[in-house]
Amino acid sequence: MPNTPATPAPTTDAPAPAAPAAGHHLAQLNVARLVAPIDSPQLAEFVAALPEINGLAEAAPGFVWRLLEDPDDPYATVPPAVFGPQYLVNLSVWRDADSLWDFVYRSNHMEMLRRRREWFTDPGRHSQVLWWVPAGTQPTEHDAAARLDHLRTHGPTPEAFTFRTRFPAPDTAER
């Protein structure tokens with residue numbers, strides 16, 4: 001990442017208002033370790049809910065893109081290329097942090113979030129990372145894994161941050 005003369009100060013009160021970034025969008029990675037194989041009876045209810053939840057995300061204001069395994073089957077889970085078969089990977093791009101926050105915590109997605117311990121183990125460390133990408137960018141799982149590793153190693157920085165400690169988009173940091 002290029003060095004910048006001044007690192008913008010993070011915001012720490014979630015949800016902090018975030019100005020939409022015309023030149024940048026917010027990328028997010030969320031990885032979850034499954035309690036059983038994805039095709040197991042233990043995860044059947046979760047898997048059955050994926051079409052509704054993915055459709056809800058795609059219809060949400062501010063949604064831009066998400067990683068799909070198969071464009072012909074938008075509800076197929078993505079086999080993790082980096083994290084291994086015991087993980088479920090969600091990689092998406094949003095207009096801004098507020099749009100993603102609203103989907104995650106203020107929509108029917110919240111019901112699935114409340115039940116996450118039925119389907120996923122406690123990660124014990126950061127399992128979600130946010131970062132800014134130039135508008136039109138579709139990050140890869142490898143890009144996202146590097147951001148998650150950066151967050152786990154260095155804590156929140158402009159290169160990799162969390163909802164709790166956000167950084168402004170590069171084109172809004174100077175305002």
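Numbers here are sequence positions counted from 1.
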Query raised in the report: With sequence neighbours excluded, what pairs up with W94 under the ring-ring contact (aromatic ring centres under 6.0 Å, His included) test?
Result: F63, F103

Report task. Go through the structure and list residues passing ring-ring contact (aromatic ring centres under 6.0 Å, His included) with W119, not counting sequence neighbours. Result -> F46

Report task. Could you tell me which residues satisfy side-chain hydrogen bond (donor to acceptor under 3.5 Å, both in side chains) with T121, sequence neighbours excluded, listed by chain and number? Result -> none

**Report entry** With sequence neighbours excluded, residues passing side-chain hydrogen bond (donor to acceptor under 3.5 Å, both in side chains) with E118
**Finding:** R115

Report task. Using the ring pair (Phe, Tyr, Trp, His ring centres under 6.0 Å) rule, take F161 and W131 through it: C-alpha gap first, then chi angles, then the decisive distance, then the call. Result -> CA-CA 6 Å; F161 51 94; W131 71 100; 8.7 Å; no

**Report entry** Identified side-chain hydrogen bond (donor to acceptor under 3.5 Å, both in side chains) partner of S92 from the options H25, Q138, Q28, R66
**Finding:** Q28

**Report entry** side-chain contact (heavy atoms from CB on, under 4.5 Å) between D122 and F120, intermediate numbers included
**Finding:** CA-CA 7 Å; D122 181 0; F120 308 110; over 6 Å; no

Query raised in the report: Is the shortest side-chain N to carboxylate O distance from D98 to R166 below 4.0 Å?
Result: yes

Report task. Report yes or no: do E159 and T157 form a side-chain donor-acceptor pair below 3.5 Å? Result -> yes

**Report entry** Distance-only polar pair, side chains of Q128 and N90, donor-acceptor under 3.5 Å
**Finding:** no

Query - Test salt bridge (Lys or Arg N to Asp or Glu O under 4.0 Å) applied to D102 - qualifying residues, sequence neighbours left out - result: R106

Query raised in the report: How far apart are the C-alpha atoms of N30 and V104, what are their side-chain angles, what is the distance that settles it, and do they pass the side-chain contact (heavy atoms from CB on, under 4.5 Å) test?
Result: CA-CA 11 Å; N30 183 14; V104 172; over 6 Å; no

Query raised in the report: Between the side chain of D143 and the main-chain N/O of T140, is any donor-acceptor distance below 3.5 Å?
Result: yes

Report task. Using atom types as modelled and distance alone, determine if a side-chain donor or acceptor of S99 lies under 3.5 Å from a backbone N or O of R95. Result -> no

**Report entry** A160: partners by side chain to side chain contact (heavy atoms under 4.5 Å, CB included), with sequence neighbours left out
**Finding:** V129, R147, H150, L151

Query - Worked check of side-chain contact (heavy atoms from CB on, under 4.5 Å) between V93 and T137 - result: CA-CA 8 Å; V93 176; T137 300; over 6 Å; no

Query - Beyond-backbone contact of L91 with W65, side-chain heavy atoms, under 4.5 angstrom - result: yes

